[in-house]
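So the structure is just underneath, and the comments pick up after that.
All values below were derived from every heavy atom in this structure, side-chain atoms included, with hydrogens, water molecules and symmetry-related copies excluded. Quick note on labels: first sequence line is chain A, next is B, and so on, each numbered from 1.
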There are 2 protein chains.
Amino acid sequence: MTDKKENILLSALQLFASDGFNATSTSKVAKQAGVSEGLIFRHFENKEGLLKAILAMGESKIKDLFAEIVLETEPKLVIRKTISLPFQVKEEDYDFWRLQFKLKWELKNYVSQKMDPLEMALSNAFKKLQKPKPELESKKLLLLVDGISSALLKGDLKNKEELHQFLLNKYEV
Amino acid sequence: MTDKKENILLSALQLFASDGFNATSTSKVAKQAGVSEGLIFRHFENKEGLLKAILAMGESKIKDLFAEIVLETEPKLVIRKTISLPFQVKEEDYDFWRLQFKLKWELKNYVSQKMDPLEMALSNAFKKLQKPKPELESKKLLLLVDGISSALLKGDLKNKEELHQFLLNKYEV
DNA sequence: AATACATAAGTGATTACTTACTCAACGGCA
DNA sequence: TGCCGTTGAGTAAGTAATCACTTATGTATT
């Protein structure tokens, strides 16, 4: 990985996350990266290839985060870690996550289904805690976490830590 | 309002909602509306004017929906109506709502804050019901409703009515 | 000499928008 | 009634700018 190649990746991530994939031209990426436009196509073949390279870079981030929850055996901890998911995202990773959420609205055939194993784990946790309708309870919490993440990444959420504690209390975890 | 002008509005709404504002060219809109491209600019001045006209068309939809909740005095009914919000959206209005949610991610300076009065009304409702931390309770419900709406409009929500009843039960409303 | 990195200057296609032009409908007036 | 002048709806054919992408070529390192 050369310096220039990395510059391209970082600039593209930042621009895609702030302006969107379609609204970001390859020439803008090249300019911000301090690189000729042709170099983008030498390294990534086309614009979509550049996007895929960016997503691949962050793939491990997603896997680690979810594995941490799915491999947890204590049900209360499964729920606690799910609730904490959006609140522990590091500032430096905001661009990557904002891009993920943006793409879900921008690209037509972008289905993630990375949440499926998480939904299973959560559902089991609620079942172990004798909660009625554990699948619905799980779905509900994941929809709430999605809403929180969206607000957070769009910068619409002020009393962040207050809400976090409130939720941990509510769920008694 | 001539037929052709209305055709432009309807075609643009459908295309913007499905492909996004940036990814939809004025020539595509004109073609789908069966109209010359220049007519778009005669009626709406520019592409952004076309978008604004579309949003203005649906403005009353939003106002009516929110007024129904904010003017409600019975606290339990305020909560019930808020929960039901995403579940009662008519199929024919999906394009309009999908566009609203899409724009929140696509346009940089798109702040709605149409939710503020709703958050106040909900907060008051929880207070009247003696709930501790009514503002956080209100925020939490609105974030959940946002998550549900997103999933619904993206077509990711299957057991819709089951979830609806589950939530009404949970909140005892 | 070979190879990978890098660029300048292109390509045709598409973008939002404009220009110059019809054509039908209308109201006032002799 | 008959004619004129204005106006708004509508279009075909442009415009310069930008799009994703290519080609030809140069340079540095091994």
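Under a cut-off of 6.0 angstrom, the local environment of CD in E172(A) is sparse, with at most 12 non-hydrogen atoms contributed by other residues, nucleotides or ligands.
Between the side chains of S138(A) and E119(A), no donor-acceptor pair of N or O atoms lies under 3.5 Å. T26(A) and E37(A) are linked by a side-chain donor-acceptor pair at a separation below 3.5 angstrom, with hydrogens and angles left out of the test.
Atom CD1 in I40(B) sits roughly 13 Å away from atom P in dT18(C) (whole-Å rounding).
A cation-pi arrangement, defined by a distance under 6.0 Å to the six-membered ring centre and an angle within 45 degrees of its axis, is present between K47(B) and F21(B).
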Base contacts versus sugar-phosphate-only contacts with protein, heavy atoms under 4.0 Å: please encode nucleotides 9-28 of chain D as B, S and - from 5' to 3'. BBB-------SBBB------
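Under the ring-ring contact (aromatic ring centres under 6.0 Å, His included) criterion, F166(B) pairs with no residue, sequence neighbours left out.
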